[in-house]
K.L.:
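Dumping the structure here so I can ask a few things about it.
In this chain, numbering begins with 1 at the start of the sequence shown.
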Amino acid sequence: QVQLVESGGGSVQAGGSLRLSCAASGYTYKSGCMAWFRQAPGKEREGVAAICTNSGGASYADSVKGRFTISLDNAKNTLYLQMNSLKPEDTAVYYCAADHSPVRFDLLQEYEYNYWGQGTQVTVSS
């Protein structure tokens, strides 16, 4: 049974940093693509960052480029999202997602992923 478990969320002031982690069990990050999504109150879930094991690169939403970094530790089977220069508009529940064989039309879209974590809350105060 695949489980993705996020951690690292919390409350921080604007300009601060947080690092989210997503530990996988029953699933290996050694192949396929992984991503972080977020959902703010009253808004649809949106893709934040994505990475594939065989592409060598990452994709980011325009709103987080230059501030967020997605990375993968294969030895720990853990996905990370380093978030710097946080803004109040980054407040949301953050989810990790993964799939061994995504279609790859747009890795920041939900339909690319079959496995999801339960989410972790990030709150940024001004």
Side-chain angles (χ1 to χ4, degrees):
Q1 183 179 358
V2 175
Q3 277 194 318
L4 304 179
V5 180
E6 302 96 337
S7 61
S11 297
V12 64
Q13 288 192 328
S17 299
L18 284 173
R19 188 177 78 157
L20 305 183
S21 301
C22 179
S25 60
Y27 182 95
T28 176
Y29 284 137
K30 291 183 179 179
S31 65
C33 299
M34 288 68 65
W36 288 96
F37 287 75
R38 68 185 181 186
Q39 187 167 21
K43 295 187 177 181
E44 294 186 352
R45 189 154 56 181
E46 63 172 349
V48 174
I51 189 169
C52 295
T53 54
N54 62 354
S55 70
S59 301
Y60 295 94
D62 288 342
S63 58
V64 306
K65 280 181 182 176
R67 301 189 297 121
F68 291 11
T69 302
I70 189 172
S71 63
L72 180 62
D73 186 331
N74 283 321
K76 295 182 178 180
N77 211 31
T78 300
L79 180 73
Y80 298 100
L81 184 68
Q82 178 66 45
M83 305 186 294
N84 299 327
S85 301
L86 283 162
K87 304 175 180 180
E89 50 264 43
D90 294 319
T91 295
V93 177
Y94 283 72
Y95 302 88
C96 62
D99 198 284
H100 281 305
S101 302
V103 177
R104 304 200 188 192
F105 287 145
D106 185 344
L107 289 173
L108 296 181
Q109 293 296 320
E110 292 184 61
Y111 64 71
E112 297 279 7
Y113 304 95
N114 281 318
Y115 303 111
W116 292 82
Q118 83 291 348
T120 185
Q121 177 71 46
V122 171
T123 302
V124 184
S125 58
S126 57

K.L.:
Taking the ring of Tyr27 and the ring of His100, is the distance between their centroids below 6.0 Å?
P.N.:
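For His100 and Tyr27, the ring centres are under 6.0 Å apart.
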K.L.:
Tyr115 and Leu107: same hydrophobic cluster, using ILVMFWY side-chain contacts below 4.5 Å?
P.N.:
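Cluster IDs for Tyr115 and Leu107 differ.
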K.L.:
Got a second to check how far Leu81's CG is from Tyr60's OH, nearest 0.5 Å?
P.N.:
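It comes to 7.5 Å.
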K.L.:
Sequence neighbours excluded, which residues qualify as salt bridge (charged side-chain N to carboxylate O under 4.0 Å, His left out) partners of Lys65?
P.N.:
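Residues passing salt bridge (charged side-chain N to carboxylate O under 4.0 Å, His left out) with Lys65: Asp62.
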K.L.:
Report the distance from atom CD of Gln121 to atom OG1 of Thr91, rounding to the nearest 0.5 Å.
P.N.:
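Answer rounded to 0.5 Å: 7.0 Å.
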K.L.:
Can you tell me how far the OH atom of Tyr94 sits from the CD atom of Glu6, to the nearest 0.5 Å?
P.N.:
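The CD atom of Glu6 is 12.5 Å from OH of Tyr94, to the nearest 0.5 Å.
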K.L.:
Under 4.5 Å between any side-chain heavy atoms of Leu72 and Tyr80, yes or no?
P.N.:
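In short, these two side chains do not touch, never coming nearer than 4.5 Å.
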K.L.:
Met34 versus Pro102: any side-chain heavy-atom pair under 4.5 Å?
P.N.:
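No. Closest side-chain heavy atoms not under 4.5 Å.
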K.L.:
Can any side-chain N or O of Glu112 pair as donor or acceptor with the backbone N or O of Phe105 at less than 3.5 Å?
P.N.:
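Present.
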K.L.:
Please find the pair of heavy atoms, one from Ala24 and one from Leu4, that lie closest to each other, and give the distance.
P.N.:
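So the minimum-distance heavy-atom pair works out to CB-CD2, 3.6 Å.
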K.L.:
From Gln3 CD over to Gln118 CD, what is the distance, rounded to the nearest 0.5 angstrom?
P.N.:
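That separation rounds to 9.0 Å.
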K.L.:
Could you measure the distance from the CE atom of Met83 to the CG atom of Leu18? Nearest 0.5 Å is fine.
P.N.:
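Between Met83 CE and Leu18 CG, I get 4.5 Å after rounding to 0.5 Å.
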K.L.:
Output all residues satisfying salt bridge (charged side-chain N to carboxylate O under 4.0 Å, His left out) with Arg67, sequence neighbours left out; order by chain, then residue number.
P.N.:
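In terms of salt bridge (charged side-chain N to carboxylate O under 4.0 Å, His left out), with neighbours along the sequence ignored, Arg67 is linked to Asp90.
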K.L.:
Report yes or no: do Leu86 and Val93 belong to one cluster of Ile/Leu/Val/Met/Phe/Trp/Tyr joined by side chain heavy-atom distances under 4.5 Å?
P.N.:
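Per the 4.5 Å side-chain linkage, Leu86 and Val93 are not co-clustered.
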K.L.:
Can you list the steps and then say if Glu89 with Ser126 is a side-chain contact (heavy atoms from CB on, under 4.5 Å)?
P.N.:
CA-CA 10 Å; Glu89 50 264 43; Ser126 57; over 6 Å; no
K.L.:
Just wondering, do Tyr95 and Gln39 contact through their side chains at under 4.5 Å, heavy atoms?
P.N.:
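Side chain of Gln39 against side chain of Tyr95, heavy atoms only: contact under 4.5 Å found.
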K.L.:
If only side-chain N and O atoms count, and only distance matters, is there a donor-acceptor pair under 3.5 Å linking Asn84 with Ser17?
P.N.:
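The answer is yes; a qualifying pair exists.
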K.L.:
With Phe37, which residues qualify under ring-ring contact (aromatic ring centres under 6.0 Å, His included), at least two apart?
P.N.:
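Expected list: Tyr113, Trp116.
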K.L.:
Can you pull the salt bridge (charged side-chain N to carboxylate O under 4.0 Å, His left out) pairs that have at least one residue in residues 99-111, sequence neighbours excluded?
P.N.:
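Residue pairs passing salt bridge (charged side-chain N to carboxylate O under 4.0 Å, His left out), neighbours aside: Arg45-Glu110.
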K.L.:
Do Asn74 side-chain atoms and Asn77 backbone N/O form a donor-acceptor pair below 3.5 Å?
P.N.:
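Looks like no, no N/O pair under 3.5 Å.
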K.L.:
Strictly by disulfide bond (SG atoms under 2.5 Å apart), give each pair with a member in residues 8-44 just once, sequence neighbours left out.
P.N.:
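Non-adjacent pairs meeting disulfide bond (SG atoms under 2.5 Å apart): Cys22-Cys96, Cys33-Cys52.
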K.L.:
If the condition is side-chain contact (heavy atoms from CB on, under 4.5 Å), which residues does Ser125 pass it with, not counting sequence neighbours?
P.N.:
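Checked Ser125 against side-chain contact (heavy atoms from CB on, under 4.5 Å); matches are Gln13.
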K.L.:
Quickly, which of Leu108, Ile51, Val64, Leu79 forms a side chain to side chain contact (heavy atoms under 4.5 Å, CB included) with Trp36? Name it, please.
P.N.:
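Filter result, single survivor: Leu79.
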